[in-house]
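These notes are about the structure you will find just below.
Because the structure is predicted, anything quoted here is derived from the model rather than measured. Below, read A as the first sequence line, B as the second, and so on, with proteins coming before strands; counting in each chain starts at 1. The basis for the numbers below is simple: all heavy atoms, side chains too, and nothing from hydrogens, waters or symmetry mates.
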Amino acid sequence: MTGDKKVPKKKYPPEMNYSIVLKGMGRTSPIDVTFHLLMAILLITGLIIDLLGPWLGGWLSSIRSIAHGYVGALFVLVFIVYLIKVAYSKKMRTVLTVTNYVDFLFYIILTVTGITMASVNWPWINLVPELADALSSIAVYAPAVHVALTYVWIVFSTVFPGGILHGLASVYLISHLKKKYKNRRSRVR
Amino acid sequence: MERRDFLKSVGAASVASFTLGDLIKMGGAKASLSGATSEKWEKYSAGERTPTICPYCAGGCGLIVTTLGGELVEIEGDPIHPINRGAVCSKAAATFQLVTSDQRILYPMKRTNPNKGKDEDPGWERITWDEAYALIAEKVKDALTNYPYKQEPDSAYDYEGYDYYYNGKDNPVAWLGSSYWNNEECYLGRKLISLLGSNNVEHQARKCHASTVAALASTFGFGAMTNHIVDAKNSKVFLIVSNPAESHTMEFKWVMKAKENGAKILVLDPRFNRTGAKADIYVRYRSGGEASIFLGLIRYVLYEKPERIDLEFLEERTNATYATDGTLLADWETNSTSAFNKLKALVADYTPAEVERISGIPAAKFEEIAEAFTSTKPGNIYYSMGTTQHTNATQTIRAQAILQLILGNMGKPGGGVNALRGISNVQGSTDMNLLSHLIMGYRAPPKTVAEIRRYQKWKNSDVSPRGGVSGGDTYTAPNVSTGRYDARHFPTWNALEYHWGIYVGTWPGKHPDKEPVVCDLPVGIGNPIVQLFRAISDGTIKVLICNGENPAVSVANVNLVREALESESLFLVVDELFETETAHYADVLLPGSTQVERDGSITNTGRWIQWRWKAVDPPGECKQELTYLTELYQKIRATLKTANIKLPSEKYEDDTAEEVKKTIGTTEIENDPETAWPSRFGASAEGVYKETCAKSIEVGGVTLPQSAANVIYKNCYDLALRPDLDGILAKRRDPNPVDLEDDKYGYYKNWAVSWMINQRILYQKGESNKGVDYFFTWFAISDDVWPGYDKAAIFSKPLYKPEGKLDTNPLKHGMPLHNEPLESPDAELAAEYPSMWDERFDVVVGSSDDYPHVLTTFRLTEHMQAGAMTRNLPWLVETHPSMFVEMSPELAEEIGVSSGDDVLVKSARNTNGIKVKANVTDRMKPITLNGKTIHEVAMPWHWGFKGLSTGPSANELTMDAVDVSANIPETKVCLVKVEKA
Amino acid sequence: MEHAVLVDPAKCIGCRACQVACKRWNNNPGEETTFSNEWTNPPKLSYNTYTHIKFKLEHNETTGETKWRFFNWRCMQCEIPACAKACPVNAITKYEEGPVVIDQDRCIGCKFCVSECPFEVPQFDTVSGKVSKCHMCFDRVPSKEPACVQSCPTDALVFGTRDSIIQKAKERKEELDGYIYGDVDNKPLGGSSFIYVLDAEPSVYGLPIVGESLSPTVPVLNLSKWLLVPAAIGGLAYLVAWRKKRMNEKEE
């Protein structure tokens, strides 16, 4: 998006869909794909639980434990790897904006509160008593922080450009995909 | 049942989707529970209810069993039961798990590993009941082969030939248990072993309240709790030397009720326990100092507060007014030879300072409790093992009884000397006398041939009801004392002759002194529990049938018991719910049934005889005990007959070709053990109940002189009164009072029945619908002087005394005094107050130099006795999962341990010691004794090496010396050394 | 009609009948525990232990007085239950009769209630992935008292209408010169359906002082989803702006 204005006008916008984006990302950075994919799952399942909970109730049990819980645990691991990559890769750091770093902060808090909730009554936490103590002191606030921060992050993402890419690119892609799908359906008819 | 199925959501409407409830909730309104239900509730409300009585302690609490189509749904407290009013303790609450436990034995099994030992695998192999019976019968036959049925005649009598009877003590077959059994089963147990010619029969009662039976019987008449459970509500002050909050929870319910009405609770205990936590005054003392405390209390009243002596009561109802030679003294209050003044002289030395020196209770504190107890009436003494399990236990209980007599607290609501008995039917099993020295209703078995000859004359004296020979030599009592004795015991032998199908007497009976004795009852008393295991070790006893009892945990110095059980010469049969420590040594293991799986009556600590109705079928091949007993004896009898082993009377017939005829009155009858087994009225629990209780039974136009096989139960069957219950008064379930008096004091006379003759407070004068309203003591001063009859005994002759020992001062035998435990922590006290124990067998004794700490044992609410019925229930195991020793922080610091550490506790009987957890707690504190600081530690004794929760047994350390009068071992105190493991 | 249970630790003898009766009625298995020096066992409430007796021993060295307190502990059944308010799936309901019940079918094991309860009552189970707690025997009340109450030998637990229980509590408070916890003197979360009458300060029994209203974390949990509104507006605005920009670009 620099000064080059000689792009052919009619080629815009490019035909985009998830598979193209993911393929592209998959080639350049598999960790990014995983990272974003997991985050999307967590965000969507989290929203389902919080927004549709009263309607779906017990059906969400496995979503909570597997799609949000175990995937969450996986996300924590991937996130750590991601952070290490950021720390060691200059290339990564050059593309990251301030918004991204603020996002990291969000993720870290969400991760810690998530672990805190998961650690309740888990036997393994007793193996690390120091961690258990630290986590139990924030256990009271964990759910509220976890939930509220997610929504704050969504707002943040709509207000700041870095976040927009995360938040709205998906919206666009989905709507685009939907349109294309509709068209195809109409063609079949 | 999966818990998630079980905990079904609130109402069927609530599936996992948005519901009406959510809408209401969102609108801010609250939902209603109407229609809310659970699977449990559905089953519970549709189920069938059956009343039973709790199988654990002797409180006699009612439980309601709910079943649905044969499946057990719930066991809860009976809401209308006068004792527990729907409440339970943790054990009773867990009865459900007792019945449904997956730990239960379901099939008869035999041992395949010939080696017996704690660490040996028995190698159980499943067998059928028939195989089990055959195996047992064969072993009984082997043991009895060559056991002499005829004895050399006594040279004092002039006749040819032999006497025909079995010696009850040397008989190689022995029987144990059980207080967990119903009365009918206990009765049949005693009947079975007697028919085998053995008096080697014992059960739990020996280890818990044998000394009560000896002491209270010799003071009042009956060796039983004088009042009853609910009666606690009438008390104004309690002196508790027990731990009812833990061991008899529902008794404590009523103590708490009285407390609400202003009663004071005084608790004496070496450890601050859950009862102490509710006390107005709690006092710590050193185990073994009990007698000094009560003698001190007697002194306090006699010397410091003479105005509190109930002189009228003493004069009217006790033998305080007599000289010890039997003279009635008009000036007994001042005459120094009166029992009253002898007592006064005896207790003079037990000043508060002396009590402090012996017991460790600070004098001021002692005076505080003395004042609190003696200033208020009616006062109630509760005691149990803390008092009874000592070598001087009979003395201590006598002192308690005398204190209550002086204060006039006897035979009154809210008063009494109340022995809290331990196991659900231990009162009943004691009444049925599964004891080596008694036979039915506290009657003695024949001990000598002389007695049997007198008995034959007694029968001849009144032929028409008693049998005997008309025109034969008749009875005259040799002296007053013997006359009393005979009048008490002979009617029971007479009843047993008919009920058991046996013969007791001489044959042909006309001249008893010139004929051979023919007696089917075993003659001579058997081995009490501690001696019994010694008799196994030395090979005298070869077959032990042990039912619902766990001596491998429960007997003092259990090391010797386990050694005995390992004997090659012993064949051990165990009937149990679980594979207990004793069962681990068994050759044949039989699956018993729980109390909700059978019918029968049980007697609680307050002597209420209540009925249990069968609610569910026993699982697997578990058998009801009544059926087991019935079939076992039939098989044994048949097998013995093949080897020509029979009753002495039958052997006499074989040897002399002369028929020993059995008669009721003058009517000759066909009667043998086969037709009399299991009862004259069939094999049902009701039938056996009738045999033990019916006061009047007519057979062939002859009414038996004393029909009830157990005389003290004689009015518990009354067909005329309750034809709807088939005369079984134990089945009465009417909680409404019969009159104003009943209402006021809470007798509940229409609820079940109690002995004697439904009198709820023993010896109470003028109780409506009265039974026994007088004291009666059986011990004469001399053979011809019987001053104590109809009086309570301030002065009493002891039951018997060991040859020569401490016999120099008769006063000391007739009245209580303090004796140090056999292992005393203080040499000076030991010399001053020498121990008195049965020295006829050896025990290992340690010195206070090697073993400086005092050990006492105790019970927990959550566990039962030897533990089989609680250590197999996860609900109870979770509350106390392991064996521990309570010790003071001071001792812990001295030996360098802290809470939860392993410690070793050693005694002279277990020099390697046992390893247990240290429970360091302020509940224990050092005690100052004779100027020295003594550390006392306390251990629960519930643990053993089998079950879901295992641990060392406290009895691996305890002392097995026994009280001379009662043969009860000194389980409550011994010396140990506690050290860091 | 609202019902309540009066808990009177001064009458409790620590027999743990309530603890076992609760397990029996609810078919909860026994737990594997280890030796506990103070005897409270299981040491904590758990998914399979809805209620237990806490043992508290105090000893005063100078006076030599020992005091051993026993008290029944389980869910307080609050009037405004933080657990219910925090539950994202409405699995927890406060009923007008008193009980606060977790619907096991609806529970998704998110543990929000575990964190939000100021009494640390709800307990998560790793195996089932659900949370449970005492439900005041919702299946028995009000026609039959809760199992623990029925089992109590000394009336340390009494069941009745809330009014009668409060009346009893007040009378008993006079006798004990004590403190009512759950109502009157302290109304945690709007008052509870288990009401303690204590012979000492609540802190002696380890009872936390909890405010009448919910802690701010519960409203945060409940209301934060409204942040989606500004997010949506912002997003919409952005979309509109973006489309406008594109239209402009197209026109060019």
Side-chain angles (χ1 to χ4, degrees), chain B residues 1 3-4 6-10 14-16 21-22 25 30-33 36-38 40-41 74 76-77 84 86-90 92-94 96-97 245-246 249-250 252-253 256 272 274 277-278 282 861-862 873-882 884 899-900 917 919-923, chain C residues 11 13-21 23-39 41-42 48-49 57-59 61 64 66-70 84 90 93-97 99 101 103-106 128 130 132 135 138-142 147 150-155:
Chain B
M1 182 167 36
R3 59 170 280 119
R4 271 168 302 288
F6 162 76
L7 249 187
K8 269 280 181 265
S9 48
V10 188
S14 176
V15 286
D22 292 312
K25 196 171 157 190
K30 272 193 233 162
S32 162
L33 275 174
T37 186
S38 65
K40 175 95 172 196
W41 177 263
E74 172 79 338
E76 65 190 321
N84 58 318
V88 286
C89 68
S90 40
F96 183 91
Q97 223 169 29
E246 299 194 48
T249 308
M250 226 44 73
F252 207 63
K253 172 194 177 79
M256 290 293 280
F272 185 88
R274 282 179 254 195
K278 296 293 159 197
Y282 161 76
T861 316
E862 299 85 354
L873 314 189
W875 290 335
L876 296 172
V877 167
E878 71 169 16
T879 62
H880 278 293
S882 53
F884 57 92
S899 296
K917 295 272 178 219
N919 189 183
V920 180
T921 170
D922 285 310
R923 295 195 293 276
Chain C
K11 288 186 180 173
I13 54 172
C15 74
R16 300 200 249 215
C18 48
Q19 188 176 319
V20 177
K23 293 221 158 187
R24 187 189 68 226
W25 181 259
N26 292 302
N27 224 33
N28 283 343
E31 293 193 40
E32 284 203 13
T33 55
T34 53
F35 171 73
S36 155
N37 200 58
E38 59 284 336
W39 286 21
N41 228 342
N48 291 320
T49 303
L57 186 75
E58 291 158 32
H59 181 75
E61 277 303 334
T66 312
K67 189 115 182 112
W68 202 5
R69 300 174 194 276
F70 320 110
N90 283 5
T93 314
K94 169 77 180 179
Y95 288 91
E96 61 184 31
E97 288 84 355
V101 184
D103 182 336
Q104 290 292 300
D105 283 344
R106 293 183 65 98
S128 65
K130 307 256 177 187
S132 74
H135 45 60
F138 73 91
D139 45 356
R140 295 163 62 111
V141 297
Q150 183 192 1
S151 71
C152 183
T154 54
D155 296 338

Notebook entry, point to check: Are B:Asp922 and C:Glu61 close enough that some pair of their side-chain heavy atoms sits under 4.5 Å apart?
Noted result: yes

Item checked: Closest heavy-atom pair and its distance - B:Cys89, C:Cys15 -> CA-SG, 4.3 Å

Checklist line | For B:Ser882 against C:Phe35, the heavy-atom pair lying closest together | finding: OG-CB, 3.3 Å

Checklist line | Which atoms of C:Thr34 approach chain B - backbone, side chain, both or neither, heavy atom under 4.5 Å | finding: backbone

Next item on the list: Mind listing the closest non-hydrogen atom pair of C:Glu97 and B:Leu33 along with its distance?
Entry: OE1-N, 3.0 Å

Check: Rounded to the nearest 0.5 Å, how far does CG of B:Asn919 lie from CD of C:Glu38?
Finding: 9.0 Å

Next item on the list: Would you please test C:Leu57 and B:Arg923 for side-chain contact (heavy atoms from CB on, under 4.5 Å) and show each step?
Entry: CA-CA 8 Å; C:Leu57 186 75; B:Arg923 295 195 293 276; 3.8 Å; yes

Checklist line | Pairwise distance OG1(B:Thr921) to NE2(C:His59) - rounded to 0.5 angstrom | finding: 9.5 Å

Note to self: For B:Asn84, which atoms come within 4.5 Å of any heavy atom of chain C: side chain, backbone, both, or neither?
What the structure shows: neither

Next item on the list: Name the region of C:Glu58, side chain, backbone, both or neither, that has any atom closer than 4.5 Å to a heavy atom of chain B.
Entry: neither

Notebook entry, point to check: Looking only at heavy atoms, which two atoms of C:Pro153 and B:Ala87 are closest? And how far apart?
Noted result: CA-CB, 3.5 Å

Check: B:Leu876 versus chain C, heavy atoms under 4.5 Å apart: side chain, backbone, both or neither?
Finding: side chain

Check: Taking C:Asn37, C:Thr66, C:Asn41 one by one, which has the highest count of heavy-atom pairs under 4.5 Å against chain B?
Finding: C:Asn37

Notebook entry, point to check: Checking heavy atoms, do the side chain of B:Thr861, its backbone, both or neither come under 4.5 Å from chain C?
Noted result: side chain

Next item on the list: Step by step, work out the side-chain contact (heavy atoms from CB on, under 4.5 Å) result for C:Asn26 and B:Lys40.
Entry: CA-CA 8 Å; C:Asn26 292 302; B:Lys40 175 95 172 196; over 6 Å; no

Check: Looking only at heavy atoms, which two atoms of C:Asn28 and B:Trp875 are closest? And how far apart?
Finding: O-NE1, 2.7 Å

Notebook entry, point to check: Taking atom CD1 of C:Ile13 and atom CE of B:Met256, what is their separation to the nearest 0.5 Å?
Noted result: 7.0 Å

Next item on the list: Measure the OG-NE2 distance between C:Ser36 and B:His880 for me, rounded to the nearest 0.5 Å.
Entry: 8.5 Å

Notebook entry, point to check: Out of B:Lys917, B:Gln97, B:Lys278, which one racks up the most heavy-atom pairs below 4.5 Å with chain C?
Noted result: B:Lys278

Next item on the list: Would you give the length of the straight line joining atom CH2 of B:Trp41 to atom CZ of C:Phe138, rounded to the nearest 0.5 angstrom?
Entry: 11.5 Å

Notebook entry, point to check: Is the Lys NZ or Arg CZ of B:Arg274 less than 6.0 Å from the centre of C:Trp39's six-membered ring, within 45° of the axis?
Noted result: no

Check: For the candidates B:Tyr282, B:Phe252, B:Phe96, B:Phe884, which exhibits the highest count of non-hydrogen atom pairs separated by less than 4.5 Å from chain C?
Finding: B:Phe884

Notebook entry, point to check: Where does C:Gln19 contact chain B at under 4.5 Å (heavy atoms): side chain, backbone, both or neither?
Noted result: side chain

Next item on the list: Drop me the distance from B:Met250's CE to C:Thr154's OG1, to the nearest 0.5 angstrom.
Entry: 9.0 Å

Margin query: Minimum heavy-atom separation for C:Ala17 and B:Ala93, please, with both atom names.
Written below: O-CB, 4.0 Å

